[in-house]
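These values consider heavy atoms only, across backbone and side chains, with no hydrogens, waters or symmetry-generated copies. All residue numbers refer to positions in the sequence shown, counting from 1.
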Amino acid sequence: MRILFICDEYPPGPHGGIGTMVRTLARALVADGHTVRVAGTYARDYPAPDHEIDEGVEVWRARPGRGPLAWLRARIELRARVVEWCRAGLIDLVEVADWGGPAAGWPSLPVPVVARLNGSATFFAAELGRTVNRTTAILERRSLRRADFWASTSIYTAERTRALFDLPASADAVIPNAVNLPGSVTAVRSTRQVVFSGTLTAKKGVRSLVEAWPLVLASVPDAELHLYGKDGRSEFGGGMRDELRLRLPSSAAAQVQFHGHVPVDRLLAALGEARAAVFPSYAEAFAHAPLEAMAAGCPTIYTRRGSGPELITPEVDGLLVDPDDRLAIATAIIRLLTDNALAARLGAAGRTTIAERFSTDRLVAATVRFYSNSAERFHARRGAPATDSSGDRHALVG
């Protein structure tokens, strides 16, 4: 198939889980024999070329102009490019994310538009008890209703999104995010290093993690916390990194290191050496960060909220914590730092879970079935033949 992803954060520049997911899936689809394009709008200073070939994936990055309506003009120009490619017969299917409502206002196209739920702004606002910008909410609602089919990365996100947007039907498929499984993992790990990866934002629970850290040091004085990820904004003003540093007592500050956004190879190396990884999120659709940690064999602590229980079975292949419970977060970390047998068992079991349920090979096959089924149903409605067909509706994977 010839697939187009709409993505505004395709690496290597600073990106979140959607960018990671799209790159992982796009590269795997190319390796599977499909043709893949990625297009989106990017900040003028985003550190990547306007056009590149990334392991066979063609990437176009449009840069908006200046002025108060630059974002709107950029969306319109992107839509025009999508229409041109589809009508020229260069695309068989378009995938959009739910965040920001990228397909809002799109005209009828000769190919299906599928939406994949990785957590919209409306979804996360509801999870965190906050309000969302009205324009954003309208765009996201119209985009999801414009999509011909939709898939979700978790059961929780599918049902929550359906309720929030009053969507007329259930998800056509639930397909978790995929992760590449390293060929091997090290048998020798640091006894004291703990890793967090992800954008430094309140929803990721990083504030709770930093506040729990002095409790960890009280039991394990030489423990080290390493935070990887781009800086986010604090709702109190300024960057989250600065706020977190202010929250740390001076006695703990030296053992917390902020690494910022780093190349994926460096992050994976850190996960391959760390004793534990911790992600006490308040809201997740289906996060990529714990998948990477588990794939690397790193014992993983994740959130019990949202889709967390769809990934980890507590005490079997990881630990789950409440992000509001600092003592529980600290206790889980201390257990992994001080119990060698527990850490080894959870690390090995977590890697097995990824291999059996969330590996790229398995989930790319599920995605292709979803795409093919969507194309077949779309063209059947229009009385035209589909390019390809296979799979069943409501496929549930993972």
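- A donor-acceptor contact shorter than 3.5 Å is absent between the side chain of Tyr228 and the backbone of Val262.
- Between Lys203 and Glu127 there is no salt bridge, since no side-chain nitrogen of the basic residue lies less than 4.0 Å from a carboxylate oxygen of the acidic one.
- Between the side chain of Thr338 and the main chain of Ile334, a donor-acceptor pair closer than 3.5 Å is present.
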Walk me through it: do Arg63 and Tyr42 pass the test side-chain contact (heavy atoms from CB on, under 4.5 Å)?
CA-CA 5 Å; Arg63 314 284 179 164; Tyr42 290 74; 4.2 Å; yes

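- Taking every heavy atom of both residues into account, Met240 and Leu200 meet most closely at CB-O, 3.2 Å.
- Under a hydrophobic clustering in which Ile, Leu, Val, Met, Phe, Trp and Tyr are joined whenever their side-chain heavy atoms come within less than 4.5 Å, directly or via other members, Val206 and Phe258 fall into the same cluster.
- Hydrophobic cluster membership differs between Ile91 and Tyr10, with clusters built from Ile, Leu, Val, Met, Phe, Trp and Tyr side chains linked at under 4.5 angstrom.
- Side-chain contact between Arg162 and Ser152: absent, with no pair of heavy atoms (C-beta onward) separated by less than 4.5 Å.
- Between Phe286 and Phe358, the angle of the ring planes lies from 30° to 60°, which puts this pair in the tilted group.
- Considering all non-hydrogen atoms of both residues, Leu320 and Pro314 come closest at CD1-CG, 3.6 Å.
- Ring pair Phe124/Trp99 is tilted by interplanar angle, where 30° to 60° counts as tilted.
- Side-chain atoms of Phe149 and Asn373, non-hydrogen and from C-beta on, never get closer than 4.5 Å to each other.
- Between Phe196 and Phe279, the angle of the ring planes lies from 30° to 60°, which puts this pair in the tilted group.
- A side chain to side chain donor-acceptor pair (under 3.5 Å) with Asn177 is found for one member of Thr153, Thr360, Asn118 and no other, namely Asn118.
- Using a 4.5 Å heavy-atom threshold, the side chains of Leu209 and Leu225 count as touching.
- Between the side chain of Arg44 and the backbone N or O of Gly65 there is no donor-acceptor pair closer than 3.5 Å.
- A heavy-atom distance below 4.5 Å is found between the side chains of Tyr46 and Pro14.
- Here the side chains of Pro47 and His261 are not in contact, with every heavy-atom distance at 4.5 Å or above.
- Shown here is Arg27, whose CZ atom has more than 12 heavy atoms of other residues, nucleotides or ligands within 6.0 Å.
- Residues Ile312 and Ile329 share a hydrophobic cluster, clusters being chains of Ile/Leu/Val/Met/Phe/Trp/Tyr side chains in contact below 4.5 Å.
- Asp172 places no side-chain N or O within 3.5 Å of a backbone atom of Ala151 that could act as its donor or acceptor partner.
- Side-chain atoms of Leu29 and Phe5, non-hydrogen and from C-beta on, do get closer than 4.5 Å to each other.
- In this structure a side-chain-to-backbone donor-acceptor pair under 3.5 Å is present from Arg146 to Pro107.
- For Glu284 and Arg305, the salt-bridge test fails: no basic side-chain N is under 4.0 Å from an acidic carboxylate O.
- Side-chain N or O atoms of Arg382 include none that pairs as donor or acceptor with a backbone N or O of Val111 at under 3.5 Å.
- Minimum interatomic distance between Leu144 and Ala115 (heavy atoms only, all atoms of both residues): CD2-CB, 3.9 Å.
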Quick one: do Gln193 and Arg275 satisfy side-chain contact (heavy atoms from CB on, under 4.5 Å)? Show the steps, please.
CA-CA 5 Å; Gln193 289 186 3; Arg275 177 59 173 248; 5.6 Å; no

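- At least one side-chain heavy atom of Ile333 sits less than 4.5 Å from a side-chain heavy atom of Trp213.
- The shortest distance between side-chain heavy atoms of Arg377 and Pro112 does not fall below 4.5 Å.
- Distance check: Glu292 CD to Thr24 OG1 gives 7.5 Å after rounding to the nearest 0.5 Å.
- With hydrophobic clusters built from ILVMFWY side chains whose heavy atoms lie under 4.5 angstrom apart, Leu117 does not share a cluster with Tyr282.
- The structure places CZ of Arg207 at 9.5 Å from OG1 of Thr201, a figure rounded to the nearest 0.5 Å.
- For the pair Ser154 (side chain) and Thr157 (backbone), a donor-acceptor distance under 3.5 Å is present.
- Remark: the backbone N or O of Gly205 is not paired with any side-chain donor or acceptor of Ser281 at under 3.5 angstrom.
- Between Lys230 and Glu9 there is no salt bridge, since no side-chain nitrogen of the basic residue lies less than 4.0 Å from a carboxylate oxygen of the acidic one.
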Check residues 248-256 and write down every donor-acceptor pair under 3.5 Å in which the side-chain atom is one partner and the other belongs to a residue at least two apart or another chain.
from   : atom 1 : to     : atom 2 : distance (Å)
Gln255 : NE2    : Pro221 : O      : 2.5
Gln255 : NE2    : Ala223 : O      : 3.0

N/O donor-acceptor pairs under 3.5 Å from side chains in residues 345-355, not counting sequence neighbours:
from   : atom 1 : to     : atom 2 : distance (Å)
Arg345 : NH1    : Glu315 : O      : 2.8
Arg351 : NH1    : Pro182 : O      : 3.1
Arg351 : NH1    : Ala295 : O      : 2.8
Arg351 : NH2    : Pro182 : O      : 2.7
Thr352 : OG1    : Ala348 : O      : 3.1
Thr353 : OG1    : Asp317 : OD2    : 2.7
Thr353 : OG1    : Ala349 : O      : 3.2

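- Between Asp231 and Arg233 there is no salt bridge, since none of the side-chain N atoms of the basic residue sits less than 4.0 Å from a carboxylate O of the acidic one.
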Next on the checklist: side-chain contact (heavy atoms from CB on, under 4.5 Å) for Leu311 and Arg357? Distances and angles first, verdict last.
Outcome noted: CA-CA 9 Å; Leu311 172 60; Arg357 298 178 56 204; 6.0 Å; no

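- By the rule that hydrophobic residues join a cluster once side-chain heavy atoms approach within less than 4.5 Å of another member, Ile18 and Leu93 end up as members of one cluster.
- Atom CD of Glu140 is separated from atom OG1 of Thr122 by 4.0 Å, given to the nearest 0.5 angstrom.
- Remark: the backbone N or O of Arg2 is not paired with any side-chain donor or acceptor of Arg37 at under 3.5 angstrom.
- Scanning both residues, Ser208 and Pro323, for their nearest heavy atoms gives OG-O, 2.8 Å.
- Rounding to the nearest 0.5 angstrom, the gap separating the CD atom in Glu159 from the OG atom in Ser170 is 5.5 Å.
- Minimum heavy-atom separation, His34 to Ile3: CB-CD1, 4.3 Å.
- Electrostatic pairing of Arg73 and Glu77 does not count as a salt bridge here, judged by no charged N lying under 4.0 Å from a carboxylate O.
- Here the closest non-hydrogen pair linking Phe165 and Arg145 is O-NH2, 3.6 Å.
- To the nearest 0.5 Å, the span separating CG on Asp32 from CE on Met1 amounts to 12.0 Å.
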For Met294 and Val179: C-alpha separation, side-chain torsions, deciding distance, then whether side-chain contact (heavy atoms from CB on, under 4.5 Å) applies. CA-CA 10 Å; Met294 294 168 71; Val179 66; over 6 Å; no

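- The CD atom of Glu356 sits 10.5 Å away from atom CG of Leu181, with the distance rounded to the nearest 0.5 Å.
- Counted by atom type alone, Arg75 and Thr41 present zero donor-acceptor pairs between their side chains at under 3.5 Å.
- Residues satisfying the side-chain contact (heavy atoms from CB on, under 4.5 Å) test with Asp242, not counting sequence neighbours, are Arg245.
- Judged by distance alone, with hydrogens and angles left aside, the side-chain atoms of Glu243 form no donor-acceptor pair with the main-chain N or O of Phe236 at under 3.5 Å.
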TODO: Evaluate side-chain hydrogen bond (donor to acceptor under 3.5 Å, both in side chains) for His15 paired with Arg23, printing each intermediate quantity in order.
DONE: CA-CA 11 Å; His15 58 280; Arg23 182 175 63 179; 4.7 Å; no

